[in-house]
Amino acid sequence: MAVRRKGRDFNPNNCGVTHFLNRVGGTWKVLVIYGISKGCNRFSALRKAIPSVSKQMLVNQLRELEEDAIIERSVFAEIPPRVEYKLSRYGKALMPVIYVIQDWGLKDLKRPTKSGKTILAR
């Protein structure tokens, strides 16, 4: 029995932003995509790169990204078995968007808060 993802196809107005968030929204998916793009192509490497994600959550996010054809999973018939992830061509198309988000975040970290201090002291 396949597990249905809550809200995956909810988009009553055919909104592009809603569609984007249905595919890669949430706390972890963009971080997983970014990690894979930077060479963290194994489960253990992703766990090290994103230490606050639980094992089960990472498994779920990887499955959903694979189901949406954003990442590709390769299983190598070795002892012990080895699994690697890579961005699909479709997934690579997300990288410019993620880089814009990263740039915005870095600029926002330097922005003074109401107290006059910056969030990121350099």
Side-chain angles (χ1 to χ4, degrees):
M1 179 176 146
V3 176
R4 296 234 356 126
R5 288 175 12 211
K6 183 179 176 185
R8 176 177 185 241
D9 296 318
F10 178 76
N11 192 353
N13 299 317
N14 291 325
C15 173
V17 174
T18 302
H19 179 74
F20 172 81
L21 291 174
N22 285 343
R23 294 295 177 263
V24 297
T27 305
W28 307 113
K29 283 186 182 174
V30 172
L31 295 175
V32 170
I33 293 166
Y34 184 76
I36 291 171
S37 78
K38 293 300 180 189
C40 296
N41 60 350
R42 309 264 314 262
F43 186 85
S44 59
L46 287 166
R47 284 290 315 264
K48 288 177 187 172
I50 315 168
S52 51
V53 66
S54 70
K55 284 183 183 180
Q56 188 59 53
M57 180 58 76
L58 183 56
V59 166
N60 292 343
Q61 300 300 284
L62 288 166
R63 285 181 183 158
E64 289 179 12
L65 289 168
E66 184 181 7
E67 181 183 325
D68 288 337
I70 293 170
I71 64 171
E72 296 171 353
R73 181 177 185 260
S74 300
V75 180
F76 297 88
E78 303 173 345
I79 304 292
R82 177 171 52 111
V83 176
E84 290 186 356
Y85 299 95
K86 69 177 186 176
L87 291 180
S88 66
R89 183 195 239 174
Y90 178 57
K92 287 177 184 176
L94 286 167
M95 292 314 298
V97 176
I98 292 172
Y99 291 139
V100 168
I101 292 168
Q102 180 185 36
D103 290 343
W104 182 89
L106 290 172
K107 288 176 188 169
D108 192 58
L109 284 170
K110 296 175 185 173
R111 183 178 57 89
T113 61
K114 288 183 179 182
S115 66
K117 297 179 182 177
T118 59
I119 297 170
L120 179 68
R122 288 220 170 206

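Start at 1 with the first residue, then count along the sequence.
- Residues Trp28 and Ser52 come closest through the heavy atom pair CH2-OG, 3.3 Å.
- In this structure, the separation between CG on Leu46 and CD1 on Ile33 is 11.0 Å, given to the nearest 0.5 Å.
- In terms of heavy-atom proximity, Val30 sits nearest to Val24 at CG2-O, 3.6 Å.
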Please walk me through it: do Arg82 and Glu84 pass salt bridge (Lys or Arg N to Asp or Glu O under 4.0 Å)? CA-CA 7 Å; Arg82 177 171 52 111; Glu84 290 186 356; 2.6 Å; yes
Passes side chain to side chain contact (heavy atoms under 4.5 Å, CB included), Gln102 versus Leu106? Steps please. CA-CA 6 Å; Gln102 180 185 36; Leu106 290 172; 4.2 Å; yes
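- Closest of all the heavy-atom pairs between Leu65 and Arg23 is CD2-O, 4.5 Å.
- To the nearest 0.5 Å, atoms CD1 (Ile36) and CD (Glu72) are separated by 10.5 Å.
- To the nearest 0.5 angstrom, Thr27 atom OG1 is 7.5 Å from Met57 atom CE.
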Show, in sequence, the C-alpha distance, side-chain angles and deciding distance for Asn41 and Lys86, and conclude whether the side chain to side chain contact (heavy atoms under 4.5 Å, CB included) test is met. CA-CA 6 Å; Asn41 60 350; Lys86 69 177 186 176; 5.9 Å; no
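- Cluster annotation: Val17 is connected to Leu94 through the hydrophobic network of ILVMFWY side chains, with a link wherever side-chain heavy atoms come within less than 4.5 Å.
- Between Val53 and Gln61, every side-chain heavy-atom pair lies at or beyond the 4.5 Å cut-off.
- Minimum heavy-atom separation, Gly25 to Lys29: O-CD, 4.1 Å.
- Between Arg73 and Leu62 there is no side-chain heavy-atom pair separated by less than 4.5 Å.
- Following chains of ILVMFWY side-chain contacts shorter than 4.5 Å, one cannot reach Val97 starting from Val100, and the two form parts of different hydrophobic clusters.
- Contact detail for Tyr85 and Phe43: the closest heavy-atom pair is CE1-N, 4.4 Å.
- Once rounded to the nearest 0.5 Å, the distance linking CD of Glu66 with OG of Ser88 reads 10.5 Å.
- A donor-acceptor contact shorter than 3.5 Å is absent between the side chain of Thr18 and the backbone of Asn11.
- Interatomic distance, Trp104 CH2 to Arg111 CZ, rounded to the nearest 0.5 Å: 7.0 Å.
- Inspection of the Glu64 and Asn60 side chains reveals no N or O donor paired with an N or O acceptor under 3.5 Å.
- To the nearest 0.5 Å, the span separating CG on Asp68 from CZ on Arg63 amounts to 14.5 Å.
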